[in-house]
Structure formats: C-alpha cells, structure tokens
2 protein chains.
Amino acid sequence: MKNEDARRAATLADVAERAGVSAKTVSRVVNEHPSVRDTTRERVKAVIAETGFQLNLAARSLAASQSYLIGTFVADTASLYYSELARGAARACRALGYHLVTEEFDQRNPVAADHYERTLRQTRCDGMILPPPLCDDLALLDALERDGVRYVRISPMLDPDRSVAVFAHDADGVSQLARHLWEKGHRRFGVINGPSNFASSATRRDALIAAVCALGGSASDVTASKMLWDGTFPATGYRTAAQLLKDAPDISAIFTFNDELALGVLGYAHENGLRVPKDLAVAGFDDSDASSFAWPSLTTVSQPIVDMAVRAVQALVRDSPHARRRIECPVRLVIRASTGGE
Amino acid sequence: MKNEDARRAATLADVAERAGVSAKTVSRVVNEHPSVRDTTRERVKAVIAETGFQLNLAARSLAASQSYLIGTFVADTASLYYSELARGAARACRALGYHLVTEEFDQRNPVAADHYERTLRQTRCDGMILPPPLCDDLALLDALERDGVRYVRISPMLDPDRSVAVFAHDADGVSQLARHLWEKGHRRFGVINGPSNFASSATRRDALIAAVCALGGSASDVTASKMLWDGTFPATGYRTAAQLLKDAPDISAIFTFNDELALGVLGYAHENGLRVPKDLAVAGFDDSDASSFAWPSLTTVSQPIVDMAVRAVQALVRDSPHARRRIECPVRLVIRASTGGE
DNA sequence: TTGAAAGCGCTAACAA
DNA sequence: TTGTTAGCGCTTTCAA
C-alpha cells in the first residue's frame, strides 16, 4: 500500500534552499530554538507557510531517537470509558506535538506484555497510558521498564507508587453522595460492589461506610454485596439487588459500583412494584450515558475521564523519567431523579 | 521526553552479525520475502527470538516511504460509535502490520482540512478512515487527495462514488423492522429523523416508507418529523415525540434515527401514561448500550460498526490506490420488549 | 547566529 | 539466494 502519486512533500532541504539558509537553520526554526536571528526566522517561516512544509515524523524520530508517539489501549468491549480516554489523550497529545497510537487489548487473552512486545514495541512509543485493568498487569509494567518506556497508570490498584498514577477522587464523590442520601432521610444502605480486580470497587464501598459513620450512622447500616455476575452489568445488578433486598429488607437506598449495575437495580424495582425514589433510592457511578437515559434518570458520580487522560499525557511528556507521583482529579456528584433530586 | 535509560534496542545489523548474514537478509526474513533459504531463515529467526528484535518503525517508514500508520478521528463528543470504530480499526491494523493513530476532531470548529494539515500530515499516514460527519467534508477530501493519502469513508452522504465507502445496509434493517411492527398489528407509524447532515437520516425514513408501502400500507401511514433539537438526543426525542403524537394521534409505533432519541420517547410515554409497547411501540437504531439498558428494553437495529472499521482498514491496505467501491455490511434487527418482542 | 558533516536503522536497486 | 551501496529526511555534534 504505497501512495504512488503523492506529490513529493516539501523537505527541510527544500525549504532551506528557497529561504537561502542551511537545513539546520530551518530545523532550528521549526523546533523553536531561540538562537535564530529574527529576520532569518521570518524568512524561513514565510517559505514554510508558502510550501505547506511539515516535518516528516519518521525522519525526525529516527534522527532524534524519540518517536513523538504515545500509546494506549482500547479494550475489546464497548465502553464509553475508552472513548473518553482516547479523546482526552488525543487532545493533550495534539497540544504537545505528540500523536496517539491505539492498540486493541483482548480481555480474554490477557498476555498484554506479549501483545506489547509483538506490536506496539516497534512503534518505540515515548510513553504509554495504561487504563484499568492493564495498569495492574505487572508483567506488562516489567516489559515496559525493560525497554525504558515510561508509562502512566490510570486508577491502579496494585503498587500505586510504582509510577505516576492518575486517580479520580472516588472517596470524595461517594461521601458527597452519602451526605445527599442522608439528608433525604435514608439510614440503611445497600452497596453492590464491582469486579474485584478494580481497586475502586473496594475504595467506593469503604468510602460509603466511612461517610455513613461520619454522619452518625454505623458500619452495620451498610450492607455490601459482591456482584452475582450474570453475563452483563445490568443483569448482574438485577440479580444482586434481589439478593441484597432479601438479605436486608430495610435498605432504602442502593449504591452501585457503576451506572450499568444501577440500571439493573432500576429494572428490578420496576418489576417488583418498588417506586424509585420513593420506596428505593438508587445511585450509580461514572455518569455514563446510561445514567441520564435511565428511567428515572440516575444519580451518579461523574468521573473526569477526559481530564484524567489529559493529565496522564502531560505527566508523560513533562515529568522526569523517574517521577512517581499521584495525580488526583476531582469528581462531581450528579443528583438526578433516582434519589429524589430535582 | 527522551527515555534516556532505554537499553539500546537490537537493530537489524545486530541480528545480522549474530546470525552471520547480511542486514539485507535479515530484512528479507522479517518482511517474509520468499527468496531466503530455509536454513538461513531459521537461523535468523532464532537470533530474532533470542534478542527480541523488532523492526524500528521510524527507520522502516523513512526508508520505504510508507508509514504503516492508519489515521482516524474521534469526535469530541462521547459516543460508543467511535469506541467501536477504534476497536475494529485497531484490530484490523494489528492483523495487517499497521498501527492506528487517533486524532481528536472538534465538531464546533469544523475546519478539519486545516486540522489535518497542521497535525496528522506530519505522520504521513498511509491511509485515513473517515467516519461521519468527516466523510462528507469535501475540503478534507481535497486535502488528502492533494497529499496522495488514500482514505475510506464510513457511511458518506455526499458523492459516495468518490472513494471506497463502507455502508451499513440500513434500509434492509429498517425493512425488517417494518415487517415486525406490521405483524404486531401496527398500521400508523411515526418517524423521528436524525441530524440532516447524516445521510442515513433520510435513508432510514425513506426505507420505512418504502417498506410500509410494500406491506400494503401507503406513504400517508408514516408521519415523519425532523428532530426538535433540545440539547441532548434523549431530550430531543422527548420533545419531538410530544409534537409527533399531537400532529398524528393515531400513531401506534415510533421509529427513531438512533437509540438515544428513542430513550426520550420512552420517557415521554412513561410520563404521559402510555404503556410501552401496549399503547405505543418504540424502536431505535444502533443497538447501543442504551438500548439494552432502557426500560423496557429497546428494539433496535444493530449496526456492525466494528466490522465496518475492519473492512475499511482492509480496503485501505489491500485495494489499489484508485479503487472506488461500495462495501455493504449487513445489519441485524434486535427485537426487544419495547415492541412486544420477548 | 549559522553551517558542514555524520549518521539514526532501515529498504531499494542493483550486482554477484 | 545473498550481499553491497546509497540513500530516506531529519537531528546531533562540532566547528566557524
């Protein structure tokens, strides 16, 4: 697949000749090196504008041994999460002169390190963004470190100080939610946990318990249930809600690990004559499309995924290679009809 | 951002030396050129495995004047569509030895051609995938052709024969849907159109009318309304449904351009005491998450977006530069509760 | 502030 | 079947 009839693109040398300077000077102008006389710079810039010259990324990469590429993964499962992540990452890359390379990650065949070595490695990415659950794939981290490829992890669970890591301030959002529910008069709470390989699953449950205690309740007011997986999140939410309400019938509010689980809880309520939010308040997490489309619309906590991706790319490009910091991004409680918000 | 402490990666020359052959021979092995003696090939492959050698993409691009990069855009608006597209494209790229570069596309500042020239151009992508609405940006197409960059368009509206174009067979899905509704006894239909800059908006409406006529009805049995935009799709669906049912109170089934509009219709039905599907059947399009999470779950037409992206990449890599064909991908009617499916 | 020369790691074109 | 040579279009390093 060669694009035969491409008009040969202008090169540095072409621009140099037309501007009557050396190629190196053009390079200095393009890279905004300060030591170029203003008049020279203007002349070169004029020729660049005229010719539409753009650096050849491959040549630059080769010479500078920097690829100006940031890599990331999309999971092989439909999710708004990854589309937001890509959006934020692409936006930040563009602002910093980088490009975003996306690779598909196969959840069922989780030898991510192998996948990396056989494909992404040849791009010599300058950095990688690792969303969950890849951020906790230790073999992948080892492989990246071996190649000297830096990485930033999004919401990692394991060994959070091993690298720069970006977190949403989940606990804060959950505690806002607890306060909201408490003010609406709720005293007994149900929690449907998420997958155990997501750090945030335990974090969110614990944050709810802590918040309820801080408001004057006790840990025994919160009944947590792990997911009874049933194929999809909504189906799982449905099934787990049934169990939860059987185990603790006095629960008046259910908080779920994500919005999709909450949709299942809503479905359960509908089918069993529980009015939402009168008989049962329901709250999710993520502020995905699902939450605003739900009936009634779902109270949820909005994760700033786009921002998190932007921060990740910035850290990749600007931090020193051995930086190991925690970047915490604020979340936002979105109150909707399912908890009696207006 | 240089990864200073990267162990210097093995090069072709390193492998050549260790295997006792010329660099060119190693190149032939890596590129699966047939004219290498089996014994030589094995020896070289062994050294490659041993050293973990991987071609340097930048060097290869420069020498071969091919980037092995495919470019695409994510819109700056959350949508499963783009995440599925990226997924399919990444999968196909990987299979063919290419990499996927993603750029954010700003809907509000739609000078896509300019955007391309200032950023993606430096990657010298071998090909581009253009989803709607970019596929109909004539200035962008001109710019790509000027640079000799080939492109494949997904569901273009304008000038469909200008390039290879991939389509979902919308009309077929709509006609299956019409038959299903007809069999359920519906005779008067409402249609909520999509944005007028999407070709499929008119296609789907017309397909419904044609299908109804084919079933023995007439064009006047279908009342179409353009969207009364209200900030989001669900809100728009709500508002448009209200208008539609006022204009044509005898409608018993509403078909919308996408699932999100249908969610608004469902909300309208709930708030106005219309039982779904008893009083009003509702059907959407796309089979997005929204449709299975809706209450009741939504009958919809499933677009094979992942497949479409795969086909697009394959066409990019394998077709001749001047190919101009139409690739039609089959859709699938998904019958759920909102039309009385079981 | 500017330029000249060398070379990044690969492939194309040719020769053996 | 294999090897040699000469670049691809930049940046680096060093010199002017």
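Chain letters run A, B, ... following the sequence lines, proteins first, then strands; residues in each count from 1. Source: prediction; values computed, not measured.
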Problem set entry | Spacing between B:Q54 atom CD and C:dC10 atom P, to the nearest angstrom | 11 Å
Seminar exercise, completed: To the nearest angstrom, the CZ-P distance between B:R37 and D:dT2 comes to 5 Å
For this session: Using modelled atom types only, decide if a donor and an acceptor are shared between the side chain of B:R121 and the backbone of A:G52 within a distance under 3.5 Å.
Result: yes
Problem set entry | Integer-rounded Å distance: C:dC10 P and B:I48 CD1 | 10 Å
Problem set entry | Electrostatic pair B:K45-B:D38, nearest N-O below 4.0 angstrom | no
Exercise. Among residues 21-31 of chain B, which contact DNA chain C at a heavy-atom distance under 4.0 Å?
Worked result: B:K24, B:S27, B:N31
Problem set entry | Enclosure of B:E50 CD (heavy-atom neighbours >12, cutoff 6.0 Å) | yes
Exercise. Are B:R162 and B:D142 within salt-bridge range, i.e. N to O under 4.0 Å?
Worked result: yes
For this session: Select one nucleotide: of C:dT11, D:dT2, D:dC10, the one nearest the side-chain heavy atoms of B:R60.
Result: C:dT11
Exercise. Between atom NE2 in B:H33 and atom P in C:dC10, what is the gap in whole Å?
Worked result: 18 Å
For this session: Output the single nucleotide from C:dT2, C:dC10, C:dT11 whose closest atom is nearest the side chain of B:A64.
Result: C:dT11
For this session: Map B:R43 and B:L62 onto DNA chain D by nearest heavy atom, then report which one ends up closer to the 5' terminus.
Result: B:R43
For this session: Could you tell me whether B:T40 contacts a base, only the sugar-phosphate backbone, or nothing, with contacts defined as non-hydrogen atoms closer than 4.0 Å?
Result: sugar-phosphate
For this session: Scan B:T11 against the nucleic acid and name what it touches under 4.0 Å (heavy atoms): base, sugar-phosphate only, or nothing.
Result: sugar-phosphate
For this session: Could you tell me the separation between the CD atom of B:E17 and the P atom of D:dT4, rounded to a whole number of Å?
Result: 13 Å
Problem set entry | Separation of C:dC10 C1' from A:R124 CZ (nearest whole Å) | 11 Å
Exercise. Rounded to whole angstrom units, what separation is found between the CG atom of B:L57 and the C1' atom of C:dC8?
Worked result: 14 Å
Exercise. If you measure from OG1 on B:T39 to CD on B:E42, what distance do you get to the nearest 0.5 Å?
Worked result: 8.5 Å
For this session: Verify the distance criterion only: is there a donor paired with an acceptor across the side chains of A:S163 and A:R153 at less than 3.5 Å?
Result: yes
For this session: Report the distance from atom CG of A:L55 to atom C1' of D:dT11, rounded to the nearest whole Å.
Result: 10 Å
Exercise. Does the side chain of A:S320 pick up a donor-acceptor pair with the side chain of A:H322 at under 3.5 Å?
Worked result: no
